[in-house]
Amino acid sequence: MADYKPQELDKKWQAHWTSSKAFEVDTDPSRPKYYCLEMFAYPSGHAHVGHVRNYIIGDVMARTKRMRGFNVLHPFGWDAFGLPAENAAIKTGSLPKASTLANIAHMKGQLQRLGISYAWSREIATCLPDFYKFNQWIFLKMLERGLAYRKRSTVNWCPVDNTVLANEQVIDGACWRCGSIVEPRDLEQWFFRITQYSDELLAGLDTLTDWPEKVVVMQRNWIGRSEGARVKFALTGSPTPFVEVFTTRIDTIYGANFIMLAPEHSLVAEFADRSPDPAAFRARAQAFRSQERDVRMGGKEGFDTGRQAINPFTGQAVPIWVANFVLGEYGTGAVMGVPGHDARDFEFAKLYDLPITIVVEREGERLSAETMTAAHAGAGALVNSGEYNGLPWEEANRRMTADAEARGVGEGTVQYRLRDWGVSRQRYWGTPIPVVHCEKDGVVPVPYADLPVELPEIATFTGRGDSPLAHVPEWVNVTCPACGGPARRETDTMDTFVDSSWYFLRFCDPANTELPFDPAPAGYWMPVDFYSGGVEHAILHLLYSRFFTRVLRDLGLVNFDEPFKRLLTQGMVLKNGAVMSKSKGNVVDPDDMIEKYGADALRLYVMFVAPPEKEIEWSDAGLEGTFRFLMRVWRLVDHWCETIGGEGIPACSDDCTDAERALRRKTHETIRRVTGDIEERMHLNTAISSLMELVNELYAFSEGTARGAPSRAEAPPGRVERAQTIAALHEAIDALVVMISPFAPHMAEELWQRLGHPGGMEKAEWPSFDANVAKAAEVVVPVQVNGKLRGRITAPAGASDDQLRELALADPAVRGHIDGKTIRKVVVAKGTLVSVVVS
RNA sequence: GCGGAAGUGGCGGAACGGCAGACGCGCUAGCCUCAGGAGCUAGUUGGAGCAAUCCAGUGGAGGUUCGAAUCCUCUCUUCCGCACCA
């Protein structure tokens with residue numbers, strides 16, 4: 001009788017996995033590959049149970065796939081750049097590099113103590129030059145292809161600290177440190193031209209059939225394709241000949257009673273210059289601009305510029321307004337106001353008492369501009385629209401777009417919400433952007449041979465002033481690679497999302513010093529077969545990765561479009577109803593749980609409470625429950641080893657008693673369900689349920705022959721004599737240990753060894769399902785009469801529908817309900833139920 | 001406002017359109033133990049009954065079907081995402 005000592009097993013087998021390099025892999029074209037990846041971690045210092053859930057999910061998949069015969073790549077790395085390390089440096093003086101590396105070391109220990117089966121030799125950290133060198137390499141390639149470019153853009157500026165703030169550093173419009181109100185400020189910044197791939201990124205979504213629908217929808221909305229038209233309204237008394245608007249409803253143009261410009265529209269400046277009081281005009285427009293842009297419906301404001309434009313369809317002059325809710329970055333930055341048929345325009349018109357014209361009505365409908373309380377934004381046929389009267393709105397839309405094109409006053413066009421990706425960050429702890437600014441040659445890329453441009457070590461962080469790198473003169477001042485004259489390095493660093501946009505490719509070839517990765521191993525391992533992580537990355541990270549994959553494809557480095565075949569977004573772990581966080585004081589440290597119950601119990605519990613994509617509420621009691629289950633498994637197998645194991649196990653044959661046959665059936669049924677639950681449905685909780693059922697069955701089976709796992713108090717167990725009983729138990733126990741190993745690998749290894757299998761579980765094979773064994777010899781089929789269960793019949797397995805029908809109608813319990821009545825219908829459903837309808 | 005997902009015991013959650021509540025937690029009773037926060041056995045949706053069993057039951061109202069937690073329509077509630085994108 002051996003006691004279950006999980007902590008000892010954890011240590012023993014983790015050491016074994018490390019020394020035997022159990023999870024290290026190489027490309028092997030002769031075997032099917034499986035790339036299993038969890039989103040890499042930000043090294044915040046301590047992983048809590050919420051983080052760790054994701055790694056366990058991936059590990060269950062990786063371990064299962066290994067035993068299913070796949071060559072499994074399961075790597076891990078660190079998303080190590082980012083603001084928190086820099087903020088900590090500002091607050092506590094800890095240097096970003098030192099604190100990040102220390103955090104990584106600690107968290108790596110945590111993951112190892114959980115027994116996650118990573119190929120640690122492929123570990124990467126984005127803050128190390130051998131990784132970020134290739135951020136720079138890719139940046140230069142994108143620069144060459146016009147996919148990276150500079151333009152002026154607005155940032156959050158703290159006027160007191162005199163520094164740029166990241167969005168996360170702006171709290172309710174104020175600086176996180178000093179609380180002063182943040183101002184918009186224009187800076188020259190770098191952008192990636194993701195919009196060049198808008199259409200492709202949108203179309204690619206249709207191929208992502210193994211992604212959660214929710215994520216696909218979010219990306220589709222984010223890309224935000226809409227078809228419409230640009231229409232030119234001629235200007236009167238202006239050097240600019242016209243103002244162009246974008247609309248998806250050109251069919252409502254006869255109702256366009258005004259034009260609205262975004263405050264930053266170029267015409268606003270021009271109008272200001274030519275207005276009686278330019279300063280006041282500009283100030284009004286500027287006031288709209290600097291307001292928080294997220295003023296919701298109801299916060300509308302605007303003013304009349306005093307200028308007019310000609311509606312190209314009606315020929316009438318309409319006033320031009322500036323409106324705070326018109327977006328400068330979308331469409332043309334100008335819209336036509338159709339108050340009768342757009343909720344926002346209606347509100348604006350009511351606010352400033354502008355005229356409303358009805359131009360679309362449903363059949364039999366009679367709208368009145370005076371009495372209507374909301375815009376009629378829906379479908380209908382045109383009225384008050386000249387030659388287009390009576391046309392259904394969609395047809396009118398097509399005709400009017402064509403007519404506008406013919407007359408040269410507009411054109412059909414497609415707009416996207418997606419904007420180019422601003423990658424400049426005025427921060428220290430990121431990848432230096434590899435260009436220099438030369439007075440003579442302008443922006444000059446750093447030659448590839450000079451990569452990486454390494455981050456200089458900085459001693460102190462104040463969080464004040466412009467980019468920290470600008471204050472390191474010996475780093476900033478260089479000679480221009482083009483002319484040899486004096487030049488300054490770019491002092492902005494890259495958004496950390498650049499790192500995460502291609503790190504999964506680096507894992508395929510992590511030591512490459514010449515290229516981000518070699519196309520050959522990437523071609524073998526990619527795409528990632530299974531990717532899991534938090535929903536919070538549903539848009540940015542996953543979209544940027546899809547963008548980068550296409551860029552790298554166009555560079556000839558990969559030959560596919562989509563990096564992640566199957567995606568799982570795991571739910572969060574709550575404690576006391578809230579997401580775990582240090583400030584709330586409700587974090588559960590996996591190390592504490594491991595110390596108490598061992599890694600296996602923690603792993604099993606987190607997988608058992610709910611399906612992976614659901615939120616779970618942490619419960620100590622639940623963890624104890626799964627620990628008890630492990631004890632049950634341990635005692636069962638321990639007992640088996642003590643009494644029978646190792647004595648020469650006979651093979652299963654057909655010479656079985658009913659009980660033996662039933663056990664074998666349960667074993668194979670469990671194999672089928674567990675395999676499907678893990679591989680197909682990712683319902684890890686029900687996979688565990690099935691294993692629990694098998695264990696229960698084994699305990700029940702042992703009653704009367706030998707107790708499978710007697711309580712300590714009980715007398716020594718009897719021996720199992722019958723060969724077929726031994727064979728069936730052996731089959732069940734082997735299968736159980738293998739199938740539980742993805743969840744509880746340490747215990748499984750120990751038991752596997754005790755069961756006498758050589759070579760450790762890395763040599764173990766997943767049990768194979770035998771449909772013939774799983775099939776019952778006879779089936780009990782319920783019989784319904786008029787929807788109510790009235791009897792059960794026993795029939796040989798594989799009985800035909802006709803046989804079942806006959807048996808059902810002959811059954812005495814059923815006869816009692818149908819005699820004297822007319823049988824209308826008898827349905828046999830998939831051989832598992834008979835339904836009789838009588839009247 | 002738009003979009004998505006979901007509503008099942010005291011709780012977490014199971015149920016290819018086919019015996020609702022698997023599995024577990026908690027709880028109840030009993031056994032076993034020096035003791036137990038260990039182990040074992042039985043019970044645990046509600047109502048009726050000693051019982052076998054019967055009736056009701058998956059947010060609500062309709063519908064399709066021999067048969068609906070599951071599919072359709074409407075409705076209520078909750079959670080999530082986006083949010084003045086013209």
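Throughout, a chain's letter reflects where its sequence line sits, starting with A, and its residues are numbered from 1. Side-chain atoms are counted along with the backbone in the values below, which use heavy atoms only and exclude waters and symmetry mates.
For the pair Val535(A) and Glu613(A), the minimum side-chain heavy-atom distance is 4.5 Å or more. For the pair Thr832(A)/Val779(A), no side-chain contact is recorded, criterion being any heavy-atom separation below 4.5 Å from C-beta on. Contact check for Val215(A) versus Thr569(A): side-chain heavy atoms found under the 4.5 Å cut-off. Inter-residue side-chain proximity for Val838(A) and His817(A) is flagged as unmet; no heavy-atom pair is nearer than 4.5 Å.
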Report, one pair per line, the protein and nucleotides 24-31 of chain B atoms (nitrogen or oxygen only) whose separation is under 3.5 Å.
| unit_1 | atom_1 | unit_2 | atom_2 | d |
| --- | --- | --- | --- | --- |
| G24(B) | OP1 | Asn696(A) | ND2 | 3.2 |
| C25(B) | OP1 | Arg628(A) | NH2 | 3.2 |
| G26(B) | OP2 | Arg628(A) | NH2 | 3.1 |

Interface polar pairs with nucleotides 17-21 of chain B, N/O, under 3.5 angstrom:
| unit_1 | atom_1 | unit_2 | atom_2 | d |
| --- | --- | --- | --- | --- |
| C19(B) | O2 | Arg792(A) | NH1 | 3.1 |
| C19(B) | O2 | Arg792(A) | NH2 | 2.9 |
| C19(B) | N3 | Arg792(A) | NH1 | 2.9 |

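Between Asn324(A) and C84(B), a side-chain N or O to OP1/OP2 separation shorter than 4.0 Å is absent. Side-chain N/O atoms of Lys300(A) include none lying less than 4.0 angstrom from OP1 or OP2 on C84(B). Distances shown here put a side-chain N or O of Arg635(A) below 4.0 Å from the OP1 or OP2 atom of C40(B). Residue Arg681(A) places at least one side-chain N or O under 4.0 Å from the OP1 or OP2 atom of A15(B). Between Thr686(A) and A22(B) there is no side-chain N or O to OP1 or OP2 distance below 4.0 Å.
Comparing G39(B), A15(B), A56(B) against the side chain of Lys788(A) picks out A56(B) as the nearest. Of all nucleotides listed (A86(B), C66(B), G13(B)), A86(B) comes nearest to the side chain of Tyr330(A). Each of A14(B), G12(B), A86(B) was ranked by its minimum atom distance to the side chain of Val609(A); first place goes to G12(B). Comparing C55(B), C40(B), A86(B) by their closest approach to the side chain of Asp342(A) singles out A86(B). Counting only heavy atoms from C-beta on, Phe246(A) has its side chain closest to A86(B) among C84(B), A86(B), C66(B).
Using modelled atom types, no side-chain atom of Glu227(A) and backbone atom of Val414(A) make a donor-acceptor pair closer than 3.5 Å. Checking side-chain atoms of Asp420(A) against main-chain N and O of Ile194(A) turns up a donor-acceptor pair under 3.5 Å.
Under the 4.0 Å criterion applied to side-chain N and carboxylate O atoms, Asp345(A) and Lys300(A) are not assigned as salt-bridge partners. Arg672(A) and Glu669(A) are joined by a salt bridge, as a carboxylate oxygen and a charged side-chain nitrogen come within less than 4.0 angstrom of each other. Look at Asp677(A) and Arg673(A) and you find no salt bridge, because none of the NZ, NE, NH1 or NH2 atoms lies under 4.0 Å from a carboxylate O.
One interatomic measurement links the two molecules: CG of Leu543(A) to C1' of G81(B), which rounds to 15 Å at whole-angstrom precision. The distance from atom CD of Glu347(A) to atom C1' of A83(B) is 14 Å, rounded to the nearest whole Å. In this structure, CD of Glu329(A) is placed 14 Å from P of A86(B), rounded to the nearest angstrom. When the C1' atom of G13(B) is taken as reference, atom CG of Leu684(A) falls 14 Å away, rounded to whole Å. A22(B) atom P lies 18 Å from atom CG of Leu691(A), rounded to whole Å. Across the protein-nucleic acid pair, Tyr699(A) atom OH and A42(B) atom P stand 14 Å apart, rounded to whole Å. Between the CE atom of Met218(A) and the C1' atom of C80(B) there is a distance of 8 Å, given to the nearest Å. A straight line from CG of Asp251(A) to P of A86(B) spans 14 Å, rounded to a whole angstrom.
Taking the C1' atoms as reference points, U78(B) lies 38 Å from A29(B), given to the whole Å. Comparing the C1' positions of U70(B) and A14(B) gives an interatomic distance of 13 Å, to the nearest angstrom. Of the C1' atoms belonging to G59(B) and A69(B), the separation is 12 Å, rounded to the nearest Å. The same atom, P, is picked in A42(B) and in C25(B); the two are 15 Å apart, to the nearest Å. Rounded to a whole angstrom, the distance from the P atom of G18(B) to that of G24(B) is 24 Å. Of the C1' atoms belonging to U64(B) and C74(B), the separation is 15 Å, rounded to the nearest Å. Look at the C1' atom in both C50(B) and G12(B): the space between them is 35 Å, to the nearest Å. C27(B) sits 15 Å from G37(B) when the C1' atoms are compared, rounded to a whole Å.
Between the side chains of Tyr416(A) and Asp199(A), at least one donor N or O lies within less than 3.5 Å of an accepting N or O. No side-chain N or O of Asn221(A) forms a donor-acceptor pair with one of Arg417(A) less than 3.5 Å apart.
Among the atoms of the strands shown, only primed sugar atoms or phosphate atoms (P, OP1, OP2) are found under 4.0 Å from some heavy atom of Val837(A). Among the heavy atoms of the strands lying under 4.0 Å from Asn685(A) are primed sugar atoms or P, OP1, OP2 only; no base atom is included.
The aromatic ring centroids of Tyr605(A) and Trp618(A) lie less than 6.0 Å from each other.
Positionally, the nearest nucleotide of RNA chain B for Pro611(A) lies more toward the 5' end than for the other of Pro611(A) and Val836(A).
Note on ring orientation: taking the six-membered ring where Trp is involved, the planes of Phe348(A) and Phe258(A) are tilted (angle from 30° to 60°). Note: Tyr352(A) and Trp321(A) have tilted aromatic rings, judged against thresholds of 30 and 60 degrees for the angle between ring planes.
Checked by distance alone, Lys214(A) brings no side-chain donor or acceptor within 3.5 Å of a matching partner on the base of C80(B).
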Show me the dot-bracket string of RNA chain B, counting Watson-Crick or G-U pairs under 3.5 Å, with | for pairs to another strand and [ ] for crossing ones. (((((((..(((.....[....)))((((((.......))))))((((....))))..(((((..]....))))))))))))....
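Base orientation at G7(B) is anti, since its O4'-C1' glycosidic dihedral falls outside 90° of 0.
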